[in-house]
Amino acid sequence: MRDSGESDLSTILLNWYDRHARIMPWRVPPDRKQAGERPDPYRVWLSEVMLQQTTVAAVRAYFQRFTDRWPTVADLAAAADGDVMGEWAGLGYYARARNLLACARAVVRDHGGVFPANRAGLLELPGIGPYTASAIAAIAYDEPAVVVDGNVERVMARLWRVEEPLPGAKTELTRLAAVLTPVARPGDYAQAVMDLGATICTPRNPACGICPWRDPCRARADGVQATLPRKAEKAAKPVRQGVIWVARRADGAWLAERRAERGLLGGMLGFPGSDWDGAGGAAPLAANWAEVGDVRHTFTHFHLILQVQVTSVAQDAVALRGEFLAPAAFRPADLPTVMRKAFDLANSALAPP
DNA sequence: CACGCGTGGCA
DNA sequence: TTGCCAAGCGT
């Protein structure tokens with residue numbers, strides 16, 4: 001045991017975590033850990049990937065469905081691509097789902113179905129970067145890895161009053177996080193900082209009055225906690241426009257199209273459409289198309305206005321693009337949100353078949 | 001290293 | 001309504 005001031009800080013936080021740890025389906029609470037229970041690396045990995053840039057509230061239901069359907073990494077590795085992409089639909093950042101499958105298959109193929117038990121090994125796997133490798137190593141294997149996510153950056157920036165804006169401050173914040181990381185209970189410590197950041201040291205209106213680190217916090221002492229961390233200004237989002245064609249066949253089948261593996265919504269189910277450059281495009285089949293309105297959707301880097309065209313076609317219609325999927329094979333829940341919006345608009349505009 | 005990559009909640 | 005934000009990764 002160290003006896004430095006930094007060690008005191010981590011001890012204060014761990015004591016707080018022992019009393020206030022949030023209950024999560026992928027987490028082993030501190031009292032059960034103390035009794036010797038270990039978290040399942042598969043569930044830790046799955047939760048960490050889902051939580052990348054995503055709120056706990058959004059992840060919970062997805063985590064439950066994934067673990068119900070694929071209880072082990074071997075089950076997931078054996079799944080069909082389309083089933084995994086469909087189950088991920090709505091959660092966003094779909095490269096995560098593609099990498100999730102690639103990672104599960106690599107674990108089965110190259111590691112005998114067992115996750116590497118250290119940060120360096122985890123880092124080699126697809127979809128596992130510096131943060132996720134550290135988080136799994138600390139939480140699942142109690143490796144004293146330095147875990148730096150958005151919560152840690154925010155908490156460190158306030159605790160030490162770091163005025164340099166992100167992303168430039170990242171190196172300094174990582175150094176400060178490393179100094180605090182304890183050798184004992186590094187996994188609980190990592191989760192404690194994240195709980196602190198999510199429930200007390202929040203981006204807006206931090207609850208400093210009940211914070212276990214309120215006394216040592218330099219930003220709090222100077223009253224500048226709400227201004228930290230500083231961030232570089234972001235560019236304004238341009239508006240892009242396009243057309244999407246939704247066709248229903250007489251038997252109720254829908255003309256769908258699997259998107260390219262790479263890029264926006266890569267690997268997800270969708271409908272034939274134009275480029276999103278406002279130039280229009282050619283319909284995927286000759287029919288009497290009707291414009292039924294626009295769908296508006298905002299992606300990370302742009303706003304999209306999608307003009308929705310619909311039609312009903314005969315059973316012998318031939319599509320130039322896409323594939324007719326029978327009602328049993330077409331689940332609207334498999335669609336990413338922007339495509340789901342287009343489908344809902346089209347479906348409500350068409351008379352029952 | 002800067003950028004592309006989703007979505008839903010909230011002020 | 002609009003902008004900001006959340007447990008980042010790959011290129």
Side-chain angles (χ1 to χ4, degrees), chain A residues 22 24-27 43-63 85 88-100 102-103 122-140 145-155 166-168 170-171 173-174 177 187 189-199 201-206 226 229-240 259-268 270 276 295-304 335-341:
Chain A
R22 290 179 293 171
M24 315 272 204
W26 50 84
R27 177 181 281 183
R43 294 166 68 89
V44 174
W45 162 72
L46 180 61
S47 69
E48 288 300 338
V49 173
M50 286 183 167
L51 287 162
Q52 290 166 5
Q53 299 288 285
T54 309
T55 59
V56 169
V59 163
R60 283 185 186 277
Y62 283 85
F63 181 85
M85 300 310 289
W88 197 276
L91 198 55
Y93 283 143
Y94 298 99
R96 293 185 295 173
R98 305 194 298 273
N99 286 328
L100 191 81
C103 182
L122 291 161
L123 204 45
E124 298 297 314
L125 292 165
I128 298 183
Y131 160 74
T132 304
S134 286
I136 299 171
I139 295 169
V146 181
V147 176
V148 182
D149 68 337
N151 288 302
V152 175
E153 289 176 351
R154 183 170 61 256
V155 171
L166 288 166
K170 173 96 177 175
T171 302
L173 295 171
T174 299
Y189 171 79
Q191 293 173 99
V193 184
M194 292 191 271
D195 278 17
L196 187 74
T199 64
C201 196
T202 50
R204 285 172 295 207
N205 303 319
R230 298 177 191 255
K231 294 190 179 179
E233 287 187 25
K234 292 166 187 172
K237 292 174 165 57
V239 178
R240 295 188 193 168
R259 296 179 61 84
E261 280 298 308
R262 301 212 167 216
L264 189 74
L265 309 180
M268 297 299 290
W276 295 346
V295 158
R296 289 172 181 272
H297 191 78
T298 298
F299 292 97
T300 308
H301 283 79
F302 62 95
H303 303 286
L304 176 66
L335 296 168
T337 298
V338 65
M339 295 296 166
R340 178 62 186 274
K341 289 180 181 176

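As the structure is a prediction and not an experimental result, all values here were calculated from the model. Each chain gets a letter, A, B and so on, in the order its sequence line appears, and its residues count up from 1.
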Select base, sugar-phosphate, or nothing to describe what G266(A) touches, counting heavy atoms under 4.0 Å on all strands.
nothing
Looking at the side chain of T55(A), which of dC5(B), dT7(B), dA6(C) is the nearest nucleotide?
dA6(C)
Students often get this wrong, so: under 4.0 angstrom with heavy atoms, is K341(A) touching a base, only sugar-phosphate, or nothing?
nothing
So what does T337(A) touch, heavy atoms closer than 4.0 Å: a base, only the sugar-phosphate, or nothing?
sugar-phosphate
Of the nucleotides dG8(C), dT7(B), dA6(C), which has the atom closest to the Q52(A) side chain?
dG8(C)
Nearest to side-chain heavy atoms of H303(A), which nucleotide of dG3(C), dG6(B), dG4(B):
dG3(C)
Nearest to the side chain of H297(A) - dT7(B), dC5(B), dA11(B)?
dT7(B)
Base, sugar-phosphate or nothing for R98(A)? Non-hydrogen atoms, less than 4.0 Å.
nothing
With a non-hydrogen cut-off below 4.0 angstrom, is V152(A) in contact with a base, only sugar-phosphate, or nothing?
nothing
Test ring pair (Phe, Tyr, Trp, His ring centres under 6.0 Å) on F299(A) and H301(A); report intermediate values, then the result.
CA-CA 6 Å; F299(A) 292 97; H301(A) 283 79; over 10 Å; no
For P126(A), answer base if it contacts any base atom (sugar-phosphate contacts may also be present), sugar-phosphate if it contacts only those atoms, and nothing otherwise; contact means non-hydrogen atoms under 4.0 Å.
sugar-phosphate
Which nucleotide in the set dG9(B), dC9(C), dA6(C) lies at the smallest distance from any side-chain heavy atom of Q53(A)?
dA6(C)
Touch check for K234(A), heavy atoms < 4.0 angstrom, all strands: base, sugar-phosphate only, or nothing?
sugar-phosphate
Quick one: label S47(A) by what it contacts on the DNA or RNA (base, sugar-phosphate, nothing), any heavy atom closer than 4.0 Å.
nothing
Whole Å only: how far is the NZ atom of K170(A) from the C1' atom of dC1(B)?
13 Å
With a non-hydrogen cut-off below 4.0 angstrom, is M268(A) in contact with a base, only sugar-phosphate, or nothing?
nothing
Among dG6(B), dG8(C), dC10(B), find the nucleotide with the atom closest to the side chain of Y131(A).
dG8(C)
